[in-house]
Amino acid sequence: MSAYSSDLDLKVTDATGNGVEVDVATNMLNGTVRLSVLWTQEILLHPDDAERVAQSLLRAAEHGRRIAQADSGPA
């Protein structure tokens, strides 16, 4: 079982149509955020897809902060 939870709302693939995908996931144990480019080392994105990836990263960052804060207790 993976500690990472992927953003299921993110459906972004390479602009060239070669099937490369982007995955943004939050580690449910410590709140770190993982950005993965699946099946290759790079991906070419249309501007709208790049914006969707950025929004997904922002959602993951907020989720990660909540996990990390809960793990460390009240400030």
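This is a predicted model, so every value here is computed, not measured.
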**Student:** Heavy atoms, side chains only, cut-off 4.5 Å: are Met28 and His63 in contact?
**Tutor:**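 Result yes, sub-4.5 Å side-chain heavy-atom pair found.
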**Student:** When rounded to the nearest 0.5 angstrom, what distance separates NZ in Lys11 from OG in Ser56?
**Tutor:** 10.5 Å
**Student:** Say you draw a straight line from CG of Asp7 to CZ of Arg52; how long is it, rounded to the nearest 0.5 Å?
**Tutor:** 12.0 Å
**Student:** For Ser36, give me all partners under side chain to side chain donor-acceptor pair (under 3.5 Å), at least two apart in sequence or on another chain.
**Tutor:**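 By the side chain to side chain donor-acceptor pair (under 3.5 Å) rule, Ser36 matches Arg34.
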**Student:** Check this for me: does any side-chain nitrogen of one of Arg59 and Glu62 sit under 4.0 Å from a carboxylate oxygen of the other?
**Tutor:**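 Salt bridge absent between Arg59 and Glu62.
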**Student:** Nearest 0.5 Å, what's the CG-CG distance between Asp14 and Asp49?
**Tutor:** 9.5 Å
**Student:** Tell me whether Leu38 is reachable from Val53 by hopping between hydrophobic residues (I, L, V, M, F, W, Y) whose side-chain heavy atoms are closer than 4.5 Å.
**Tutor:** no
**Student:** Do Trp39 and Val22 belong together in a cluster built from hydrophobic side chains that touch within less than 4.5 Å?
**Tutor:**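 No; Val22 is not reachable from Trp39 via cluster members.
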**Student:** Roughly how far, to the nearest 0.5 Å, is the OG atom of Ser2 from the CG atom of Asn27?
**Tutor:** 7.5 Å
**Student:** In terms of hydrophobic clustering (I, L, V, M, F, W, Y; side-chain heavy atoms under 4.5 Å; direct or indirect links), are Leu58 and Leu10 co-clustered?
**Tutor:** no
**Student:** Which heavy atom in Ala50 sits nearest to a heavy atom in Leu45, and how many Å separate them?
**Tutor:** CA-CD1, 3.8 Å
**Student:** Below 4.5 Å, heavy atoms only, C-beta onward: do Thr26 and Ile67 meet side chain to side chain?
**Tutor:** yes
**Student:** So if I apply the side-chain contact (heavy atoms from CB on, under 4.5 Å) rule between Tyr4 and each of Thr32, Asp23, Val33, which one comes out positive?
**Tutor:** Thr32
**Student:** Can you list the steps and then say if Thr13 with Val20 is a side chain to side chain contact (heavy atoms under 4.5 Å, CB included)?
**Tutor:** CA-CA 5 Å; Thr13 58; Val20 175; over 6 Å; no
**Student:** Looking only at non-hydrogen atoms, find the nearest pair between Ile43 and Glu21 and report the distance.
**Tutor:** CD1-C, 4.1 Å
